Number of protein chains: 2
Amino acid sequence: MPRAGLSPSSVVDAALAVIDERGAEALTLAAVAARTGVAAPSLYKHVGSLADLRVGVGVRIMDELTGRLGTAALGRSGDDAVTALMHECRAYVMQHPARYAAMPVDPLHNKELAAAGGRLLGVFLAVLRGYGMTETDAVHATRCLRAVVHGFATIQAAGGFGLPEDLDETYHRLVAMYVASLPRPERS
Amino acid sequence: MPRAGLSPSSVVDAALAVIDERGAEALTLAAVAARTGVAAPSLYKHVGSLADLRVGVGVRIMDELTGRLGTAALGRSGDDAVTALMHECRAYVMQHPARYAAMPVDPLHNKELAAAGGRLLGVFLAVLRGYGMTETDAVHATRCLRAVVHGFATIQAAGGFGLPEDLDETYHRLVAMYVASLPRPERS
DNA sequence: ACCAAAAGGCTAATGTCATTAGCCATCCCT
DNA sequence: AGGGATGGCTAATGACATTAGCCTTTTGGT
């Protein structure tokens, strides 16, 4: 009975692989167990439950996205930064559609997910801060941004749009619409 | 062994009741069977499978929404009509959050769902037609509208926003942002 | 090096669910 | 009355999550 060398983190790795290969709904302890070469109950030594694993996966995905967004926004500000963030979001979704679909929509119901969501939100808030909005306006602007990006991403990740050829154009218009709704950024 | 008087439609009714009471994830043949006072396998006399039932539920929900939107848009045109549609969408989601969550995001993968989706889309297209856009522009505008409404609705239905008190305000801003992105409607 | 305990695997068992097969009662039409 | 369609039922199967209890490997302290 040699050890498989698993850890909570490597189980999440395997879960992500399952999601990437077979879709978000295919995430099952049995599938992860098969992929890690272990019996299903053994996974309970590393994760509390399937729901738990989903949380871990969600955190991992959100943090991955947060990292990419941070990089994308580096050295930019104002409309430029907002545009970069929105396009990076879409790039992520196109690259990992199943991961995006696996992201929980209700991160607030779990402490770890809420924390990861907060980190993600932080990137957006940091960029919007440059517009010199009031706190209230920034909250509304962030929510709108989230709705726009999430709506488009969800529909696209699920293959909910028909003609896929000019989706880029649609997204550009969506980004332009959002950017146009922001106040002109403060000039230094 | 008295008859229960079920029909495909009444099974969908029961499914909607389950969804309303216990959430979209709680839709299970066992739950529907319990609610209709019938053994689970008996449901197969009326629906082909759980996936089938989900399709029926999705169609019902989309058509219900389509009906409400049609009514909301009656006698209106241009920005007024778009605003009314968007607010009616949100009103529906607030009234039946679980139903909205039960709506499939990928209606294209099924003929019946695609048809219902087409009917829903028709209402939006009809309203946008008044703006005298090219066909291409109308497609982009519809997609953007869908992304905006769906994004907000999804997040709200899942309880994904924090402070719920000024969500109305956020949505108003979102609607205003969208309306502002449309060309000025043609005057008669 | 030793040894106890912690850690990580395993098999067996349970419960929930969808789904299929095969049986029987009820209903409707003639 | 009677025969087929219709709609229920029970029993069985198979996927899955989860729990319990066992056994081996690893590891930390001496």
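Below, chains carry the letters A, B, ... as their sequence lines are ordered, and counting in each starts from 1. All values reported here derive from a predicted model rather than from experimental measurement.
- Side-chain contact between B:Ile61 and B:Leu16 is present, with at least one heavy-atom pair separated by less than 4.5 Å.
- Atom OH in B:Tyr44 sits about 16 Å away from atom C1' in C:dG22, given to the nearest Å.
- Using cut-offs of 30° and 60° for the angle between ring planes, the B:Tyr171 and B:His87 rings count as perpendicular.
- Of the side-chain N and O atoms in B:Ser42, none sit less than 4.0 angstrom from OP1 or OP2 of D:dG7.
- Only at 4.0 angstrom or more do the heavy atoms of residues 8-24 of chain A sit from any atom of DNA chain C, so none qualifies.
- Listed by first then second residue, pairs satisfying salt bridge (charged side-chain N to carboxylate O under 4.0 Å, His left out) with a partner in residues 26-54 of chain A read A:Glu21-A:Arg35, not counting sequence neighbours.
- Under the 3.5 Å distance criterion, with hydrogens and angles disregarded, no donor-acceptor pair is assigned to the side chains of A:Asp79 and A:Tyr178.
- Across D:dG7, C:dG9, C:dT11, the shortest atom-to-atom separation from the side chain of A:Ala39 is found for C:dT11.
- A:Val93 has its side chain out of reach of A:Phe152: every pair of non-hydrogen atoms, C-beta onward, lies at least 4.5 Å apart.
- Within the 4.5 Å cutoff, the side chain of A:Val82 has no heavy atoms near those of the A:Val175 side chain.
- One finds a salt bridge joining B:Glu169 and B:Arg173 here, because a Lys/Arg side-chain nitrogen approaches an Asp/Glu carboxylate oxygen to under 4.0 Å.
- Looking only at side-chain heavy atoms (C-beta outward), B:Arg76 and B:Leu85 stay at 4.5 Å or farther from each other.
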Polar-atom pairs under 3.5 Å, protein N or O versus N or O of nucleotides 12-16 of chain C: list them with distances, or write none.
none

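- Within residues 28-36 of chain B, the residues that have a heavy atom under 4.0 Å from DNA chain C are, in order of number, B:Thr28, B:Leu29, B:Ala30.
- Residues B:Arg143 and A:Thr170 have side chains that bring a donor and an acceptor to within less than 3.5 angstrom of each other.
- Atom pair B:Lys45:NZ and C:dT19:P shows a separation of 16 Å (rounding to whole Å applied).
- B:Met103 has its side chain out of reach of B:Arg99: every pair of non-hydrogen atoms, C-beta onward, lies at least 4.5 Å apart.
- Shown for residues 47-57 of chain A: residues whose heavy atoms fall under 4.0 angstrom of DNA chain D, namely A:Ser49, A:Leu50.
- The CG atom of A:Leu65 sits 14.0 Å away from the CZ atom of A:Arg60 when rounded to the nearest 0.5 Å.
- Residue B:His46 has no polar side-chain atom (N or O) positioned under 4.0 Å from OP1 or OP2 of D:dT6.
- Put simply, CZ on A:Arg146 and CZ on B:Phe161 are 5.5 Å apart, with the number rounded to the nearest 0.5 Å.
- Residues passing the side-chain hydrogen bond (donor to acceptor under 3.5 Å, both in side chains) test with A:His150, sequence neighbours excluded: A:Tyr100, A:Thr154.
- Counting to the nearest Å, the P atom of C:dG9 and the CG atom of A:Leu43 are 9 Å from each other.
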